[in-house]
Structures are given as structure tokens and as C-alpha cells.
Number of protein chains: 2
Amino acid sequence: MTAAAKTQVTDHIDQGSIYDSIRARLAEGELKPGKRLKPDELRADYGCSASAIREVLFRLACGRFVDFEEQRGFRVPEATLKRLLEIRDFRVLIESEAAARSIARGDMEWEARLNAAHHKLAHMEVKMRHAQRLREHIAIWTRFDWEFHETLVSACGSSLLQDTLHDLFYQYRQQLAGLVPDYGFREGTVDEHKAILDAALARNPEKCAEAIRQHFSFLDDDPPSSAGTV
Amino acid sequence: MTAAAKTQVTDHIDQGSIYDSIRARLAEGELKPGKRLKPDELRADYGCSASAIREVLFRLACGRFVDFEEQRGFRVPEATLKRLLEIRDFRVLIESEAAARSIARGDMEWEARLNAAHHKLAHMEVKMRHAQRLREHIAIWTRFDWEFHETLVSACGSSLLQDTLHDLFYQYRQQLAGLVPDYGFREGTVDEHKAILDAALARNPEKCAEAIRQHFSFLDDDPPSSAGTV
DNA sequence: GAAATTAAAAATTTCGAGAATGATTGATAA
DNA sequence: TTATCAATCATTCTCGAAATTTTTAATTTC
């Protein structure tokens, strides 16, 4: 393989990578609500057939990242405050329960991983407070954010809960990106994540649930201005 | 469209119907755990191409009704007590929460629909107590059972909760069918459903949650004999 | 000018063939 | 007899073209 081929990153990608890529483009707000997702257009970005894209879009539709209507194809779901709150409430319910089980079952190894994940996330978020071009950091921030929340529930003992949370995390991000500026990044997240960490390490499930609730309560106090429900 | 075309139901089936059909065959235990699901074999049952079956199996994999491994195709997931309990616990968590919200928000119309759904289910379950060939009634019983649980949460205000419960209902049934005799039908369900109905109509969310927990507690007292975890 | 009909264009869905990959069988040798 | 390897078979995966449907544009009619 030549060096020139390296720039052509789209040479040959498996479906899993295409899935991750499109989901990321949705969560980062590049693919905007309402936009139609035509397999024949997207194929150019990934160097594969329309059929392969179609399969990926089907899988994304199962996770509710795109809408699908028979004979009418795929499109990016509308971002509404109603839907965002629905996703948030579901996520708070499940993440609180899963965190409580992790607190009850997690060992010292789990504590160490949670500390490490929080350290990376906090470093990133402090750095982003003063960043010029926020856009450039969103992808990495998203990864660290997910790694922290994933680690929090990683000892809960139920892959069902964990996988459901994974989908909800990205659904939440996607809705947020379509409704608020700065891709949903806020100053307050640093302290909020710290509160979740402390409650988890203190093995206090009630306090942890409350910290999780707090982490998402900003939507109640300060509803996004452009959040018409249609 | 002519009247004659209506009778020819098997001529041309849309993907949604194939999805429902295969999911039902899984929930009723016809397609047994471990069995490989080859698109080229299943196509004969539905008169379409292997590609169409492949897409349906992908969608079933999203709902966790079948396992998918790259380059190795699809197969019916193993039924284990561990997995069954995981699904049960998740379902109890969500159904309790969704029922509580329905109790808080549901109007008289909701009460009426819940009564109607329970009436049909109870009638069916009493009839099945003395039925000779249980197998013949499973499909209808499954529908009535789902309609009752669906109606219970239908006023919760979150389509996310409702759709998640829909998947969990069939996942639970599928695991149960693979682990216990009689497709999971028990004598006790009549009284248990009645307790859920009464608590909901009494607008008592705590009592309703307890009744739901009770409805699934038989797995703790009387673990299925053939439930080796592999 | 507005509404309804018709024609053209674009997108979706289905399908079967060929390429790529994994599984199976049978032969050979230790 | 057991293990290794090669050849064979079956299945999965990818793809582009044909058929169906929807959307858009143009035309006609009231």
C-alpha cells in the first residue's frame, strides 16, 4: 500500500466503523435534524455500495439515531425539548439504578478505573473552558465523557443496562447538539462529574442518584431558547 | 385492489410482517436456542430473497432477539437463567416506573382500556387452565398478555419506555420458552394480573410496583429445573 | 389565480450473481 | 490412533441493475 493511499482513509472500512462514524456525525451535530440520509449520497464518504450504507442506517434506526419510514427512506430525527427530556429521564432512571448496583458490587479495581476515567474527563473539561475553537475538542470530550459514565456502571452486572445506557448516551448527545449551542458543553459539568465520582467512591447510592439527577437538571432551570416543540 | 387479492395473503409480504413472524416463532419456542438462522433456508417460508431475510435478521439482532457475528451469520441466543433474570430485573424496573407515571397521568379512558384488556386476558388464562393442547393457545395468550401490560403503561407519556418494554416483553418470553415447560404459562398469573389491575385502578403506584415484582418472583422461589447456565 | 391532473425525475426496495470467508471432510504422516 | 494440513463444500458478504414507489415539475381546467 502506497503512502498516498493513506490519505484515502475511506479505502475499505467495515460496517462497524461506518456505524460508529455516522453515529458520531449525528452526535456532533454535523448531520442536522430533518436532513434526509440517502444511501446513494453517503456511499461516496465511505467507498462502498448503497446497500452497505442501507444496512448501517437500519442498525442506526434500531438505536433510534435515525428515523426510518417504509418507502420513504431515512432521515435525521427532529430535535425537540420533549424528546430530549424523555431521553434524559430514561437515562437518569437507568444510570441511577446501574450505578447503585455498581456501588454494591464494584471492587477496588472498579474504584481505580473510575478514578482514572474521571481524571481524564476533568482534565479535558477544564482545558475546554478556555479553548478557542470548541469544535475541535468535541470528539475527544465525547469519548472521555462516555468512558466515565460507562465505568460508573461497569460493575452493575447487567449487560442489558449497560448497552441500553450506551444508546441513550448518544441519543442524548444528538438531541442536545440539535438544541443548544456549543454541542452541549457547559462549565458546570466539571463539578457535577466530581460530585458523581465522590458519591460513588463513598459507596452512597442515594447521593450518587441525586448527583446524577443534578447533572441533568440544567434543562429544567434554563430551557434552551430555540427549543420549539416542532 | 380486488377482493381476490385479499385472500392471497402469502403472496407478497412486507418486511415488517416477516419481522413479526420470526419474532413470534422465537417467543413461542419453535426456533430453539443455538439454532442457526440461515437466510437461504428461511427465504422458503416467506417467498422472498435471502437479502430481505438478512435485513430482517439484522433488525431482530438490534432488539437482541437473535445473535449476530460477523462472517458467521445469525443464530438463536442461548437461553440461560442468568440472562432471563437480567431481562426480568430490567423489565420490573421499567414497568414499575412506567406504571407509576401512567397512574399519575392516566384518565378514565385509560382505566376503561385497562379493564377491557384485563378482562380478555383473564378469560383466556382461566380457559387455558383446563385446555388440552396448550400449544394452540399460546399465540393468542401472548397477544392478550402483551396488550394488558402495554395498556398498563400506555399513559406514561414516554414512547421510549413503552418501546423498550415491548422489546423486553418478547425477550422475556423467548428466554422463558427456552427454559421452562408450557411456554411459561402458569396457574398463578390470573391472580397476579388481577393484583396489578387493582393496584393501578386504586392509583397506588407502590402497591402496583409490588404486584409487578410479585408477578415475576416465581423465578426466585422455583428456579426452572433444566436451567443450567450453559 | 388556485386546484387538480399528468408527466418527468429521483429515490427506495428487491433481487440474484459473484467474490470472500469460514466450516468440513479426507488424506497423509508421526 | 492422533494430529496436521490440504482440498472441498457451504455460507456469508458485497454489489450494481431492474422494478416499484414517491417526489417534483409542468400542464390543464375551473
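Just the heavy atoms: all of them, side chains too, but no hydrogens, waters or symmetry mates, feed the values below. Letters A, B, ... mirror the listed sequences (proteins, then strands); counts begin at 1.
Here A/Gln71 pairs with nothing under the side chain to side chain donor-acceptor pair (under 3.5 Å) rule; sequence neighbours left out. Not a single ring-ring contact (aromatic ring centres under 6.0 Å, His included) links B/His123 to another residue, sequence neighbours left out.
Per the geometry, CD1 belonging to B/Ile53 stands 15 Å off C1' belonging to D/dT12, to the nearest Å.
Judged by a 6.0 Å distance limit and a 45° cone about the ring axis, B/Arg173 is positioned over the six-membered ring of B/Trp141.
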Legend entry - Per-nucleotide protein contact string for nucleotides 6-13 of chain C (B base, S sugar-phosphate only, - none; heavy atom under 4.0 Å): -----SSS
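A donor atom on one side chain and an acceptor atom on the other are found under 3.5 Å apart for B/Asp145 and B/His149. Defined by atom type and a distance below 3.5 Å, a donor-acceptor pair is missing between the side-chain atoms of B/Thr142 and B/Glu28.
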